[in-house]
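We count ligands from 1, going down the list as the structure has it; atoms in each ligand are counted the same way. All values derive from a computational prediction rather than experimental measurement.
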Amino acid sequence: VRKCLNCHQVGDLTVWHCEKCGWEPQKKAEMQMFAPELSGITESYDPAWYQELFILESKNFWFTSRNRLLEYFGHCYFSEKGQYLEIGCGTGYVLKMIYEKFPKLRVMASEAQVEGLIFAKNRVKGNVDLCQMDACSIPFQEEFDVIGAYDVIEHIQDHKKVIRQVYDALKVNGIFMVTVPQHMFLWSQYDEVGCHYRRYERGELEDLLRDAGFLIKRTTSFNALLLPMMIISRWFKKDKNEKEQFDVLEELRLSGIVNTVLSFILKIELALIKLGFNLPMGGSRVIVAQKR
Ligand SMILES: [Zn+2]
């Protein structure tokens, strides 16, 4: 059900208009704007990256491998039909995969930056409901069967609030799938310039999810086999570049051969994950949690 973001009344909003207080979200480019005050604020994410990211994502091993992993977990844990929400969909690279591989789900996606939503709309080209929203203030209660947030909550200062809001917006037994960057010892300028508030330690996010009432169904590191390379690359880069000139997308521009090799390594890793191994360390972590 829909929730009024002004008076928090639940249930009466058959259209986006609160019977009790009169609140209704603004609309821009056919999209509901639930948090117009956030759009254009670059504190958490700089919309200037979208254009290049949009092109890099479809070729870069990191994004293609993450999609393979998320698709696998989706087939393991998502309900076949129902309502799906992605929080912080960016330019819609994961969203397009979900829309195509899980055709029976009704797909909705949100993003704080309108620029991202416009890229996402052009990318997905299908029946996906897009809205501009603050993940700390989700205008739904017990609405979704699945919610996904892929490398999003590290961009948000109050991540506990996001988790609580996700919990409220899920139906009972609903699934929350989340990916985050892992290990503070990998903290680098990529995180600083990339507007991350943190990388998560092993077990940290699981504890927060449990505190909110979730049951952890599966948790594993990924990008584990790339860890030695990441350590070398990040330590080597330390103090080399000034923050002002630092190019956050540099790491994603790879030659074809490097991309192919790294992609192959991560296919081996995915095979291990499919066999049931939970990898203890890695550049990222994926968690599948269920609302009790
Ligand atoms: Zn209201």
**Asked** Does Arg123 make a cation-pi contact with Tyr93 (under 6.0 Å, within 45 degrees of the axis)?
**Response** no
**Asked** Using the ring of each side chain (for Trp, its six-membered ring), is Tyr84 parallel, tilted or perpendicular to Phe78, with breaks at 30° and 60°?
**Response** tilted
**Message:** I'd like to know if the Zn ion (ligand 1) has an N/O/S atom from His8 within less than 2.8 Å of it, counting both backbone and side-chain atoms.
**Reply:** no
**Prompt:** What angle sits at the Zn ion (ligand 1) between SG of Cys4 and SG of Cys7, to 10°?
**Reply:** 110°
**Cation-aromatic face contact Lys291/Tyr167, 6.0 Å, 45 degrees** = yes
**Complete:** Output field for angle at the Zn ion (ligand 1), Cys21.SG vs Cys18.SG, rounded to 10°, should show 110°
**Item:** Salt bridge Arg285-Glu204, side-chain N to carboxylate O under 4.0 Å
**Value:** no
